[in-house]
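Computed from a prediction, not measured in an experiment: that's the story for all the values here.
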Amino acid sequence: YLVLTQMRQLQSIEGAPMDMNHLPTLYVLDSNHDGKISLDELIRFAKLCASKARDFGAHEYQMQMQGLCTLRMYDAASSPSTGGVAAFAKWFTLLFS
């Protein structure tokens with residue numbers, strides 16, 4: 001598993017810049033929201049990035065990915081079916097523990 005300090009050191013691949021200090025990006029990367037990143041989660045996120053690289057232009061890739069991750073985090077935090085704000089707060093706490 002990778003923890004927050006290690007996640008922030010991840011480097012993006014050439015042509016697909018990602019900001020690992022962007023909280024919504026970390027939220028999408030940590031798909032089971034346990035505050036740690038597994039190899040499976042990292043691979044799933046890399047596949048998402050690769051598929052979106054085909055959809056987004058190179059000049060707008062980072063902005064579009066940040067927008068996508070922000071919307072996914074917002075949807076989860078505002079939806080009672082996913083635990084809403086309480087689940088987000090729990091994940092945020094786990095991220096820093």
Side-chain angles (χ1 to χ4, degrees):
Y1 288 101
L2 297 177
V3 294
L4 180 61
T5 54
Q6 296 163 321
M7 286 183 241
R8 294 180 64 215
Q9 293 175 8
L10 291 173
Q11 300 290 316
S12 7
I13 57 173
E14 188 175 326
M18 293 297 301
D19 179 3
M20 290 307 180
N21 293 311
H22 186 246
L23 188 63
T25 299
L26 296 176
Y27 185 83
V28 172
L29 179 56
D30 183 11
S31 60
N32 68 358
H33 308 120
D34 65 355
K36 302 175 286 194
I37 302 301
S38 68
L39 181 57
D40 287 339
E41 287 173 314
L42 193 55
I43 290 169
R44 259 192 312 265
F45 187 75
K47 287 179 180 179
L48 171 68
C49 291
S51 85
K52 294 303 178 184
R54 291 186 291 272
D55 297 337
F56 306 145
H59 64 284
E60 61 185 21
Y61 177 80
Q62 184 173 4
M63 179 185 62
Q64 292 285 354
M65 279 301 295
Q66 285 182 346
L68 174 72
C69 292
T70 300
L71 285 174
R72 286 188 177 185
M73 186 179 78
Y74 174 80
D75 287 345
S78 62
S79 173
S81 68
T82 60
V85 174
F88 174 79
K90 180 180 178 186
W91 169 76
F92 189 79
T93 303
L94 290 170
L95 191 62
F96 288 96
S97 59

Hydrophobic cluster identity match, Ile43 and Met20, side-chain contacts under 4.5 Å: no

Check the hydrophobic clustering (I, L, V, M, F, W, Y; side-chain heavy atoms under 4.5 Å; chains of links allowed) and say if Val85 and Phe96 are grouped together. no

[X] side chain to [Y] main-chain N or O, any donor-acceptor pair under 3.5 Å?
X     : Y     : value
Tyr1  : Leu39 : no
Ser51 : Leu48 : yes
Glu41 : Asn32 : yes

Distance in Å, [X] [atom1] paired with [Y] [atom2], rounded so as to fall on 0.5 Å steps:
X     : Y     : atom1 : atom2 : answer
Tyr27 : His22 : OH    : NE2   : 14.0 Å
Phe56 : Cys49 : CZ    : SG    : 9.5 Å
Asp19 : Gln62 : CG    : CD    : 6.0 Å
Thr82 : His33 : OG1   : NE2   : 8.5 Å
Leu95 : Ile37 : CG    : CD1   : 8.0 Å

For Cys69 versus Phe45, what's the shortest heavy-atom pair and its separation?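 For Cys69 versus Phe45, the nearest heavy atoms are SG-CE1, 4.4 Å.
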
Where is the tightest heavy-atom contact between Lys52 and Met65, given as atom of each residue plus distance?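 For Lys52 versus Met65, the nearest heavy atoms are CB-SD, 3.5 Å.
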
Check: [Y] and [X] side chains under 4.5 Å, non-hydrogen atoms:
X     : Y     : answer
Arg44 : Ser31 : yes
Asp34 : Trp91 : no
Leu94 : Asp30 : no

Go through Asn21 and Leu26 one step at a time and tell me if the side chain to side chain contact (heavy atoms under 4.5 Å, CB included) criterion holds. CA-CA 8 Å; Asn21 293 311; Leu26 296 176; over 6 Å; no

